[in-house]
Every structure is written in C-alpha cells, then in structure tokens.
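Hydrogens, waters and symmetry mates play no part in the numbers below; they use all other heavy atoms, side chains included. Nothing here was measured: the structure is a model prediction, and the numbers come from that model. When a ligand or atom number is given, it counts from 1 through the structure's own listing order.
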Amino acid sequence: MEANTMRTQVAIIGSGPSGLLLGQLLYRAGIDTIILDRVDRDYILGRIRAGVLEEGTAALMDQAGVGGRMRTEGLPHDGFDLVYDGEIHRIDLANLTGGKRVLVYGQTELTHDLMDARDAEGLLSIYDADNVQPHDYDGAQPYVTYEENGVSKRIDCDFIAGCDGFHGASRASVPASALQVFEKIYPFGWLGMLSQVPPVSDELIYSNHGRGFALCSMRSKTLSRYYVQCSLEDKVEDWSEDRFWDELRRRLPERFADDVVTGPALEMSIAPLRSFVCEPLRFGRLFLAGDAAHIVPPTGAKGLNLAASDVHYLYEALREHYEEKSDAGLDNYSAKALHRVWNAERFSWWMTSMMHRFPDMSDFDRRIQRAEFSQVVQFEAASATLAENYVGMPF
Ligand code: RFL
Ligand code: PHB
C-alpha cells in the first residue's frame, strides 16, 4: 500500500491507450509517472474498440519498446473495399500512397502489451481509484487527489496528463469559460459483434446499402469484428445474433454475403457516433490527450490513431522540458496536435457522411451522396486523398 501522499513528475489520469503509451515513452526517457484509472484492468481490456493502426501509431509502439507482438500478430493491410449499393471499389492503399499500409491489431491487444510492459518495469498504476481530481494546474505545483478503499490520497507532480477519455475528470475540471467545444451528433449508432469465425474477406469492407451501413473488420484470421448501422433507440437486447447476421448479409454485395461464416457472439455492443473537439488542449500544467480532448465517428478508424499522435507530441514536449530545459514543445502542443486533429475530424465526418443512410435524407441528398462515391471511383486523385487520410498524416 502506497503512502497517502506521493510524488511523481507526470501524473497520468487514465489507463487507456493514451495514458499507457505516454507512460511507457516517458519511462524510456527516464521520466517518472504514476497512472490512475477509475476502473480495473479487466474492465479496460474487456472493451472492444479500435482495430486499425496507422504506420505512425505502430512506429510509436516500437519506439515505446512494446511493438514485438504487434509486429508478429498484427495483419498488414494494403487496401480495403468501399461499396455503394452493391458497387465495389477497392481502395489500393499501397499503390495510392507510395507503399503505405495499415496494421490490423486490436486495441485490446495493444493495451495488454502496454500494461504488461508497465508491470515488467514495476511502474505504478493505480486501478479502481475513486473520485480522481486534478488540482492547481494553473500554478507551479499541481496535484491529483483520489480515494482508494475510502482513504483519501494525493499525488504531487510537475504536470498532469489528462488521458481519461470522453467522460473523464480532466476536461470536466476546466471552467467552461476557458474552453471552446465543437460538437456534432449523428442520428444513428453502430452495433458491433465480435465472433470467433474467419473474416468474410482478407480486407475490410465498408458498405453503404439501402438498409444502412455495414462494416466487415477483423482481429485475426479466425476472429471477426462486424458492425451494422442501427437506430439510436435500439438496445443490444433488441438484436438477437440471428438478426444481426441476417442484417449484415443483406447489407453486403452477394459475392460477400454468401461467404459470411456465422457463429456465436463473444461480444455485442452499441456505440453512438459523435464528432467532438475541445480547444485548447493545454490549461497551465494540465494537458489533454486522446478521447479526453476529441472524438471522431469510427468510420475513418482514426480515434486511437489520433490518441497516438497527441501522445507523440506531448511526449516530445515533456522530454524537451526535462532534457533540454525548453518549454517550446509544451507551448506548441495544443496548436500542433489540434492541426492534426481537425484533419482527422474532417476525414471521419466525410467518410461517415458518404457511407451511412441518414434517417432524414431527401432523394436529392441520396443522389449527391452517390455522386460523392462516384468521384472516388472515377478520379484516382479522389481515391488517393481518401487513401492518404486513411493511412494517416505524418505526425
Ligand atoms: P480511453 O480508451 O477511453 O481510455 C480512458 C481511460 O480513462 C479512464 N477514466 C478515468 N480514470 C480516472 N478518473 C476518471 N474520472 C476517469 N474517467 C475515465 C477510463 O476508465 C479509461 O480506462 O481513451 P484513450 O486512451 O484516449 O484512447 C482512445 C481510444 O480508446 C479511442 O479513440 C478508440 O477506441 C476509437 N475507435 C477507433 N479508433 C481507431 O483509431 N481505429 C478504429 O478502428 C476505431 N474503432 C473506436 C472504434 C471506438 C469505438 N467505440 C466503442 C467508441 C470502434 C468503436 C466501436
Ligand atoms: C474495427 O475493427 O473495430 C474497426 C475497423 C475500422 C473502422 C472502425 C472499427 O473504421
């Protein structure tokens, strides 16, 4: 059991991919961290989320010394299929981007690797921490308080990294007058299913069909991750496994529908779709990173990758502060990270707009949406823009 007051250099709130990756990079630079999370490890590892890593994210995992399993078990993907009303158009990522590709490796596995590495180095992570609160980050001596088994504790630190996701305490602690929020809520959700069956295709399939969007993804050659667009009113209990499989097949071109292998669901959950950005990302000695600062709809596979680019900029800034006694990186963090964030926000919004059936779409809207898809099919430059965004802008 730790003492009631501890000290570290960087207190990290949140043990998701952002917090863990930041902790691991800082550790390798000799900078001391404590990570706090309000839930336990199994809960974090039970959340099925992202599946697609940009090369930049994978490179950051290597830099953090935790890329080994990802490099052997991750599946490199050179392209994916976009489908509109049954018409299939392959986005050849590798050819359109001069050889870039993405890596299919689940967020659960990435998180596992980061947690294992932290354990192996004996670094402190505190799980099940109640009422975590950042304090005094406007001054020179910030600290974080929390409760552990009903006992109040305090961590004094130089900086606080707010990596605690969309519903975390970090952004919530900032007075509303000090930040600006940009938000768009989409009128549908994604119902996801994980099943121990071989994926219907070697590559991902994004399909816009009259009945709604469907996505065929995977975690490995024997584990599939599928999604169908659903109503915001839907509850998981409304969806039997059979209904899910039927709906998925109906939204895919015949060529794929006939090949879908069905099996029991290991997990089913509904995620709402939202675009959200908070500006700035820095409040004195508190820095927001990842979902704590921004949310994208999952259609562009950008959420985890944006978390990684924030972490890259924040890590470099903190290293510069300690190693080179320069605060230039800290001063530039917000602007630098937000530039990349807004590019990914645009791409995710655009992919979402092109690939879903919106409940209030007019006939005109539908023709325009189809024309948008046709642009991608007809113009290599349009496909190339899509591909460059999908593989991700350099950090
Ligand atoms: P996380 O993963 O939400 O982790 C935040 C952590 O903070 C903890 N926490 C607190 N701790 C202490 N005190 C508090 N008050 C706290 N409040 C919260 C939480 O318990 C949690 O452990 O945020 P992080 O680290 O910034 O990571 C972001 C990613 O998780 C997220 O962007 C991606 O999952 C988004 N996403 C995808 N991203 C991709 O790059 N590619 C994809 O293919 C992709 N697919 C997806 C996705 C997200 C999805 N859902 C469900 C939202 C697919 C889905 C369905
Ligand atoms: C996933 O595998 O969960 C996944 C893949 C691509 C996306 C979103 C989610 O765009």
Item to check | Parallel, tilted or perpendicular: ring planes of F188 versus H356, cut at 30 and 60 degrees | outcome: parallel
Item to check | Geometric class of the Y227/W190 ring pair [parallel <30°, tilted 30-60°, perpendicular >60°] | outcome: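 Ring orientation of W190 relative to Y227: tilted.
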May I ask you to identify, for [X], whether its side chain, its backbone, both or neither come under 4.0 Å of ligand 1 on a heavy-atom basis?
{"X": "L53", "answer": "neither"}
{"X": "N305", "answer": "both"}
{"X": "C163", "answer": "backbone"}

With atoms numbered from 1 as shown, which atoms in ligand 2 lie under 4.0 angstrom from a non-hydrogen atom of [X]?
{"X": "R49", "result": "3 (O)"}
{"X": "A301", "result": "6 (C), 7 (C), 10 (O)"}
{"X": "P298", "result": "7 (C), 8 (C), 10 (O)"}
{"X": "V52", "result": "5 (C), 6 (C)"}
{"X": "L204", "result": "5 (C), 6 (C)"}
{"X": "T299", "result": "10 (O)"}

Nearest protein heavy atom with distance in Å, relative to [atom]:
{"atom": "atom 48 (C) of ligand 1", "value": "R49 CB, 4.2 Å"}
{"atom": "atom 46 (C) of ligand 1", "value": "A50 N, 4.0 Å"}
{"atom": "atom 3 (O) of ligand 2", "value": "Y227 OH, 2.6 Å"}
{"atom": "atom 22 (O) of ligand 1", "value": "D37 OD2, 2.6 Å"}
{"atom": "atom 4 (O) of ligand 1", "value": "G16 CA, 3.5 Å"}
{"atom": "atom 7 (O) of ligand 1", "value": "D164 CA, 3.2 Å"}
{"atom": "atom 25 (O) of ligand 1", "value": "S18 N, 2.9 Å"}
{"atom": "atom 53 (C) of ligand 1", "value": "Y227 OH, 3.7 Å"}
{"atom": "atom 40 (O) of ligand 1", "value": "L304 N, 2.6 Å"}

Item to check | F287 six-ring face occupied by R282 cation (under 6.0 Å, within 45°) | outcome: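 Cation-pi check for R282 and F287: fails.
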Next on the checklist: Can you see whether F166 has R171 sitting over its ring - NZ or CZ less than 6.0 Å from the centre and within 45° of the normal?
Outcome noted: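 Yes - R171 lies over the ring of F166, closer than 6.0 Å to its centre and within 45° of its axis.
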Checklist entry - Evaluating non-hydrogen atoms only, which member of Y390, Y206, Y226 is closest to atom 7 (C) of ligand 2? => result Y206
Next on the checklist: Minimum distance, heavy atoms only, to atom 33 (C) of ligand 1: which one of R274, R47, H294, Q107 is it?
Outcome noted: Q107
Checklist entry - When you check the side-chain N and O atoms of Y43 and D37, is any donor under 3.5 Å from an acceptor? => result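 D37 and Y43 do not have a side-chain donor-acceptor pair below 3.5 Å.
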Checklist entry - Does a donor on one side chain and an acceptor on the other come within less than 3.5 Å for R255 and S201? => result no
Checklist entry - Does V104 reach ligand 2, in the sense of a heavy atom lying below 4.0 Å from it? => result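 So V104 does not count as touching ligand 2.
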Next on the checklist: So is W190 touching ligand 2 or not, going by heavy atoms under 4.0 Å?
Outcome noted: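 For ligand 2, residue contact (heavy atoms, under 4.0 Å) with W190 is present.
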With nothing but distance in play, are any N or O atoms of [X] less than 3.5 Å from an N or O of ligand 1?
{"X": "G303", "result": "yes"}
{"X": "V39", "result": "no"}
{"X": "W190", "result": "no"}
{"X": "F166", "result": "no"}
{"X": "D291", "result": "yes"}

Checklist entry - Are any side-chain N or O atoms of D81 and backbone N or O atoms of I88, one a donor and one an acceptor, separated by less than 3.5 Å? => result no
Checklist entry - Any heavy atom of P17 sitting closer than 4.0 Å to ligand 1? => result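 Contact check P17 vs ligand 1: positive.
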Next on the checklist: List ligand 1 atoms under 4.0 Å from I44, heavy atoms only on the residue side.
Outcome noted: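 Those qualifying, in numeric order: 22 (O).
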Checklist entry - Do any nitrogen or oxygen atoms of R219 lie less than 3.5 angstrom from nitrogen or oxygen atoms of ligand 2? => result yes
Checklist entry - Going by distance only, is there an N or O of R225 that falls short of 3.5 Å from an N or O of ligand 2? => result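 Checking ligand 2 against R225, no N or O pair falls under 3.5 Å apart.
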